[in-house]
Structure formats: C-alpha cells, structure tokens
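Only one structure is covered here, and it is reproduced in the block below.
All heavy atoms count here, side chains included; hydrogens, waters and symmetry mates do not. What you are looking at is a predicted structure, and each value in this text was computed from that prediction instead of being measured.
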Amino acid sequence: MEKAVQQMPKKNLLSSQIDLSKFEKATEEEKRQQDVMSESTTFFKDGMKRLMKNPLAVGSMIFLILVILVIIFAPMIVPYDYASINTVNGVRDKGAKNMKPFEYSEMELEYMAQGGTVFPHIMGTDEQCRDYFMRVVYGTRVSLSVGLVASVMVLIIGLLYGSISGYFGGKVDLVMMRIVDIIYSLPDLLMVILLSVVLQATLGTALEGTILARLGSNLIALFVVYALLYWVGMARLVRGQILTIKNNDYVLAAKATGAKSGRIIKKHIIPNCISVIFISTALQVPSAIFTESYLSFLGLGVANPMPSLGSLANYARGGLNSYPYKLLFPAVVIILIVLSFNLLGDGLRDAFDPKLKK
Amino acid sequence: MSSEYLVEVKDLKQYFPIKTGFFKTTPLKAVDGVSFDIKPGETLGLVGESGCGKTTVGRSILRLYEPTGGSVKYMGEEITASNMQEHRKHMQMVFQDPYSSLNPRMTVEDIIGEPLDVHKLYSSKQERREKILGLMELVGLNAEHATRYAHEFSGGQRQRIGIARALAVDPKFIVCDEAVSALDVSIQAQVINMFEDLQEKLGVAYLFIAHDLLVVKHISNRIAVMYLGRVVEIGEADEVYNNPQHPYTQSLLSAVPIPDPIIAKKSQRIVLTGDVPSPMNMPSGCAFRTRCRFATEQCAQECPSLTERKNGSQVACFHQ
C-alpha cells in the first residue's frame, strides 16, 4: 500500500486521478462484513415464509384444518347417525321432525327429566327425524373427498400426458395437443350430465355389493367425468412448463456432462415445475367441489341416503319458507370451503411463483 | 491411435431445418464446413459477429447437436454418437449465461457434483465431498458456499461455479462459449486470469468463443475468425490481430476501441455497408462478397478455400 502511494505519479491539479494516500486499509472486521451473505434458505422454506406472511392464506389454512378435524372426529363424538332416525334411549323418536337448532323433542325432554343426557341437535333435524348436523358433516366429507380425489386424478393424468407431450415435442406434441384442443371444445356440463346418465345405467348393476355402491353410481360417474374432461387444463400447464424449462441452459449443461433423459427429468425438470403444478392442483379442488355440488343440486350427485352439500341444499329447497336454515348451513359450508381453497391456492401461487417475487 | 492434436475438427457442417411452407423445409446453414485443430494445452479463440455460428460450432463439437456432416476427432479417435458418453469426461463446456446455466433448485455442491454423479467418479460420499471442495477451492469459492443455492451468488461467482462443474470430470478440452461476455469488465478480468491459471495448472485446452476481440487476443494462442458459418481466417493470435489478411478481419479489428485517444484519432475505421445476409439465403461464392470492398466477378462464382499466406495465417480470400 505504502509503496503504491509512492509510486503514483505526481497529481495534476486539474486531474481527477484518485489520491491513494487518502485511503485507509480495511480492517479485518470490515473485510468480514463484506463476506456476509444473506442467510441460506431453500426454495421451500423461502416460499413457506412468504406464505405465512399472507393472512388470508393462513386463515384459510386454519379453517380447512378445522373443517377436516370436525369431519373426522364429529362422528365419534356426536351419537347420531346420518342415515337413520333419531333414537332416544333405544326407542325411535318420531316426534323429532323438522326441529330448529338446539330444540328438543317431547321424548327427549321426557328422557332428560328422568335424568338422562341428550346430545343437542346443533343444526336441528330434517323431515325424516335425522340429525342435520351429522348430515352436513357427512355431506362435507363427501364433497371434500370428491374435490381431493378428482384433483388428484386430474393431476396424475395431466402430469403424465403433459410431460410426455412437452418433453418429446415435435410431432408427438402436435398430435397430443390437438387431442387436448378437441376435448377442450366439448361443453363440459353437457358432457357431465350425459355421461352420468349413461354411466348410471351401466355402473348401477356392475357395482352392486361393492363398497363403491355406497357412494352411488352418480359419484363414480362424476369421478370418471372429471378424469375424462378436466385433465386437459393441467396437461396444457405441465406441457408449457416443461417446454420452457427444457430449453434452459442448465438442461443443456446436464446433457453436456452426459446426463441421461431420466436424470434430467428427475433432477432438473420436475423440481423446477412442481410448485406451479401443486398450486394449480390446489385451485382445482374448489372447482371439483363446486361441480359436485351443482350436480348434486340437479339431482345427479350422490345416492340417497348419503348426503352431499349440494344434495342437502337441494332437499332444503322444499321447505325453504319454513326452514331457511336448512339451506343456509350447507350453502355456507360450501362457500367457506371453496373460498378458503381459492385463497389458499392464490396464496401458494404468490408465495412460490418466483416470477411474482417482490 | 494418437495424434499431435487434441481435437481435430474437419469440415463440420450443422444445418437446421426451417419450415418455410406447409410441407417445405429449407436448411439453415449455421455452420458450413468449418475445420480447425487444437493442440493440448492450447487456446483457440473463435470470433465473429452475432449469429455467425460460433456457439453452434462449440455445441456441435460436444454433440449437443447432432452434426449434419464432417468429423470431430479427439486424440485421433473419431467421435460418434455411441462413444460420446465416454468422451464427455474429456470434453466439457462453460456456458455464456451464468444465470440460466445453473439449476435454481440445486445447491452448489450438487451442481458441481453432477458430472461426478453421472460418471460415478467417486467411491464414497466422503470422497465426493472432498472432490467438490477441492474444485471449489480451485476456482476461488469458499467451502461454506457448498450448501447454498445459485441465486445467492453474484454473476462472477456463478460463472466460477459453472467452471468448477466443467472441471469436475478433469477434462482436457473445454469449450468456453462466451464465458465472460455476461460479466462486467472487472469480473471478466478475474475470470479470464482464472482460465489462464487453470490452463497452467491443469494443462487444459480451450476453444474460447467470444465477440470481444481484445479478450480473445489476450487469452488465445491462435484465433479463428468466422463469418456466416465459415472460417475466413485462422492464424497465430498476434498475426491475426496485428496483420489481418481477410477484409472481414480487417474491418472487425478496425472496430476495436482503442483506449488511447491520440492513436484512436489516427486510426482508420473500415465501416461495412449493408447487413449480414440471411444464412437461409446465402450469397453465391464467397459469403462476404456482398459487403466486401474488393469483391469481383470471381468472388460471386467460386467459394475461396483457406490458403496459407506469408505470415502463416490461413485465409479464405482471392485477394492478396
């Protein structure tokens, strides 16, 4: 340093040459400060941190966890069945018809007067003396599982189809994407209704005696329809992702090191598009729940006595003037679940899409 | 079978089919008959303007594209699609863009370790880690950076990671595809000096692709100048730089900025007119004739081949 200062040519008055003698040497501590980088985080941690800062997404997540806990544990705690008439001390209670929330029937009041305990009807009862809360809980079970199963099916089919189309490209891509275009152009509601009618006729006999029969052929038809029609959006998304990722230099670099296709797909392509795919799956759930609900509302959903939120709303139409709460409960549950899934999906997208990073 | 040369490229051709009609395709001649050879431990600079096929030459040599014609030999042995996997241990590549050439979902350790994983060059996890740390030290990265992700590094550091990845298999030949052009000037100098140090230490040969003539002159032993998919001049770096023979090289060199304003005033700039012709519709004969000061009837009819000049450079031009 000293030497360098001495070696400097004499400074011209007008020159903007730097005067080295005015500089101080950096201390060890200052040098260390230069080395400090931002804390190392993984992509997942980084995304979760951003997700946790989004109050709407966190609220939705908490609500959904609560709903899941309720539909798992409520049937263990509440002593009523969704399918059969209320009983008081083993005797069928035919008077417990169309009761308001927290109302007790005559038999129940009598039993309580004798010192027995009766679990309250949180949402009242329906016209067949069944506890309405349990029906809503089971309806939510059905609706949620329809949403999840349908989304997973869409994910699997769309992921396979889209990745084959995107990775191999060229003529394969051309043919596969034209098929997608054709399916896209079918009116989906019409297809759902037609397919459920057809499948109902064919599946009805085939399913007899199996567990699936309890779900009803309508619900099975709904899954099939979903698997047949709704994967196209996912397939397009996956294909688009893979097309952009496979042209990145790091894929070329992997090829230059001698990596084979399997390794490139596993190590480079999937990790880079998986977050977008999961987010899109999360957004698929509410749409599946919605589809199930309106099909059930139209009478094409699950078979009686199995309730779903849509069919409960449909039955409630009959006594709308006298018992409006029967429509209110399932409708509010549908709205809240769909809203939370949408908000959560939006939150996930904001948190995990690097392009939206602030 | 061995040879004096490490890498011999002969008449390399790379055409890409371009759709011009519903059923018609026209070949785009990105590289059209390029030949050169590189000795062990030597640096060949490859210069030319954008779109002249420099990068394609580098990628075709490494068979990232399947060449349309010509041959590439490594140590006298012909490289084919089937024995390329083995040769990937000898020939590696450093990419232009340090931002897109590193996978954002992988740690530095995994990025540098990938060639080791692919070729199974270690027997234990411990050995893998030691090798990676050794490579990181070689390119001037700290050991504690190993668990970080690429986005946490600056451009120069990322390029070092890319270089460490290329060095992982202990190659004898590295294609540096515009390896410094995405970096700013001071970092460029660091990385270029590192390339030179590594060459001294490890004896690797480089094909150094760049468009910055000063950088190429600094690092190269020899320089090849490309125009529209063909080599127009190739020779010793000093000769090409100080005594350019081809009119294209002359105009290219006259465009190099001179840091001394007094000399710069005196120097003549040879300004080319017109645009580069489309490689899909190449002019007949010499590709440069549409913009050449000396173009004659002969240039339109025949394509000049590389012939040796007095100063030892090989030049593809009819005019002395």
- Within a reach of under 6.0 Å around CD of B/E144, are more than 12 heavy atoms found that belong to other residues, nucleotides or ligands?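 Counting neighbours around CD of B/E144, more than 12 heavy atoms of other residues, nucleotides or ligands fall under 6.0 Å, so yes.
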- Task: Would you kindly say whether B/N103 and A/N272 are connected by a side-chain donor-acceptor distance under 3.5 Å?
- Result: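 Per modelled atom types, B/N103 and A/N272 side chains form a pair under 3.5 Å.
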- Listed by residue number, which members of residues 242-268 of chain A have a heavy atom under 4.5 Å from any heavy atom of chain B? A/N248, A/D249, A/Y250, A/L252, A/A253, A/A254, A/K255, A/A256, A/T257, A/G258, A/A259, A/K260, A/R263, A/K267, A/H268
- What part of B/L102 is in contact with chain A, defined as an atom under 4.5 angstrom from a non-hydrogen atom: side chain, backbone, both or neither? backbone
- Item | Portion of B/R165 that has a non-hydrogen atom of chain A nearer than 4.5 angstrom | side chain
- Check step by step if side-chain contact (heavy atoms from CB on, under 4.5 Å) holds for B/M93 and B/I174. CA-CA 5 Å; B/M93 186 158 187; B/I174 298 179; 5.9 Å; no
- Query: Going through the distances and angles, do B/Y74 and B/F173 end up as a ring pair (Phe, Tyr, Trp, His ring centres under 6.0 Å)?
  - Reply: CA-CA 9 Å; B/Y74 177 81; B/F173 173 60; 7.8 Å; no
- Any donor-acceptor N/O pair, A/Q241 side chain to A/R236 backbone, under 3.5 Å: no
- Message: So if I take each residue of residues 83-90 of chain B and look for any heavy atom under 4.5 Å from a heavy atom in chain A, which residues do I end up with?
- Response: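 Within residues 83-90 of chain B, the residues that come under 4.5 Å of chain A (heavy atoms only) are B/Q85, B/R88.
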- Task: Could you check if a side-chain atom of B/V108 sits within less than 4.5 angstrom of a side-chain atom of B/T147, using non-hydrogen atoms only?
- Result: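 With C-beta onward as the side chain, the pair stays apart.
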- Query: If you tally heavy-atom pairs under 4.5 Å against chain A, which of B/D117, B/L62, B/L64 wins?
  - Reply: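 Sorted descending by pairs with chain A, the first entry is B/L64.
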- Query: Would you call the rings of B/H151 and B/Y149 parallel, tilted or perpendicular, where under 30° means parallel and over 60° means perpendicular?
  - Reply: parallel
